[in-house]
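Everything on this sheet refers to the single structure shown next.
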Amino acid sequence: MEVLKILGIGIVTCLVVIIVKQVKPEFSVVLLITGSCIILYYIIGYFADILHVFDNIIVKTGINTDLFTTILKIVGIGYLIEFGAGVCVDSGNPSIADKIILAGKLIILIVAMPIITNLLNTIIGLVQ
Amino acid sequence: MGIEIIFKIAAIGILTAVTNQILKYSGKDEIAMLTTLAGVVIVLFMVVNMISELFATVKQLFMLY
């Protein structure tokens, strides 16, 4: 049922953007941002449920939780970067979107760095 | 949090466009420019609040502090 609501909002936003683009072009970008915000509001609830399920699984399996929080962080950063890049592409300047995506990749690499280092340490520990 | 925000922003856009035309024909171009600015500022306030709320929820959800 939720899918229909999201579809409806998306289509209505596109139509309204077309109308407003003729009358007042500045508002079309703002409308796109609003539409995507509303859609994201509806699906954030699902994200929360999925993460709770993963939390339980992780707690059961006993893996140290900071691994899971890093993965969560990476997913969150990827999610936000994709949102920003989409808005930039919609508003007609893909160059800024590429820069945002590059910055996102770098930030994700930085966030993932601790995992790589302690992986290397464990390997070195095994070898010696 | 629904579709009415989109219609509200569209209404403001069309209203500013209409007031622009009226002011332009009555010769007051500067005021027309100001009404456009006012319209954009109002709409931006609404959208900025929404975006900050969204980013706060995402930050809290993904533990991105």
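Letters A, B, ... mirror the listed sequences (proteins, then strands); counts begin at 1.
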Open item on the list: Using side chain to side chain contact (heavy atoms under 4.5 Å, CB included), reason through I38(A) and I3(B) one step at a time and then give a plain yes or no.
Closed with: CA-CA 8 Å; I38(A) 292 172; I3(B) 205 90; 5.9 Å; no
Open item on the list: Quick check for you: among G76(A), S28(A), A48(A), S36(A), which has the greatest number of heavy-atom pairs under 4.5 Å with chain B?
Closed with: G76(A)
Task: Beyond-backbone contact of F83(A) with L54(B), side-chain heavy atoms, under 4.5 angstrom - done: yes
Task: Toward chain B, the part of L51(A) with a non-hydrogen atom under 4.5 Å - done: side chain
Open item on the list: Please classify the contact between I33(A) and chain B as side chain, backbone, both or neither, with a heavy-atom cut-off of under 4.5 Å.
Closed with: side chain
TODO: Following the transitive rule for hydrophobic clusters with a side-chain heavy-atom cut-off under 4.5 Å over Ile, Leu, Val, Met, Phe, Trp and Tyr, establish whether I14(B) and V43(B) coincide in one cluster.
DONE: no
- [ ] Would you give the length of the straight line joining atom OG1 of T34(A) to atom CD1 of I5(B), rounded to the nearest 0.5 angstrom?
- [x] 7.5 Å
- [ ] Flag yes if I6(B) and I39(A) sit in one hydrophobic cluster, no otherwise; membership is Ile, Leu, Val, Met, Phe, Trp, Tyr, and two members link when side-chain heavy atoms are under 4.5 Å apart.
- [x] yes
Open item on the list: Nearest 0.5 Å, please: how far is CG in L31(A) from CD1 in I9(B)?
Closed with: 5.5 Å
Task: Closest approach of I51(B) to C37(A) (non-hydrogen atoms, all atoms of both residues) - done: CG1-SG, 3.8 Å
Open item on the list: Please classify the contact between V20(A) and chain B as side chain, backbone, both or neither, with a heavy-atom cut-off of under 4.5 Å.
Closed with: side chain
Task: Closest contact, heavy atoms only, L61(B) versus F47(A) - done: CD2-CB, 3.5 Å
Task: Between CZ on residue F55(B) and CG on residue L40(A), distance to nearest 0.5 Å - done: 9.0 Å
Open item on the list: Give me the atom names and distance for the closest heavy-atom approach of E53(B) to Y41(A).
Closed with: CB-OH, 2.8 Å
Task: Verify same cluster id: I108(A), V58(B) (apolar side-chain graph, 4.5 Å) - done: yes
Task: Distance, nearest 0.5 Å, that separates CG of L44(B) from CD of E26(A) - done: 10.5 Å
Open item on the list: I'd like to know which of T13(A), V17(A), V111(A), V30(A) tops the heavy-atom pair count under 4.5 Å against chain B.
Closed with: V30(A)
- [ ] Examine whether an atom of V40(B) lies under 4.5 Å from a heavy atom of chain A, and if so say whether it belongs to the side chain, the backbone or both; otherwise answer neither.
- [x] both
TODO: Go through the atoms of L80(A) and report whether side chain, backbone, both or neither lie under 4.5 Å from a heavy atom of chain B.
DONE: side chain
Open item on the list: With clusters defined by side-chain heavy atoms of hydrophobic residues (ILVMFWY) lying less than 4.5 Å apart, directly or transitively, does I43(A) cluster with F62(B)?
Closed with: yes
- [ ] First locate atom NZ of K24(A), then atom OG1 of T36(B), and finally report the distance between them rounded to the nearest 0.5 Å.
- [x] 4.0 Å
TODO: Give a yes or no on whether F7(B) and I42(B) share a hydrophobic cluster (residues Ile, Leu, Val, Met, Phe, Trp, Tyr; joining criterion: side-chain heavy atoms under 4.5 Å apart).
DONE: yes
- [ ] Can you measure from CG (L72(A)) to CE (M63(B)) and round to the nearest 0.5 angstrom?
- [x] 4.5 Å
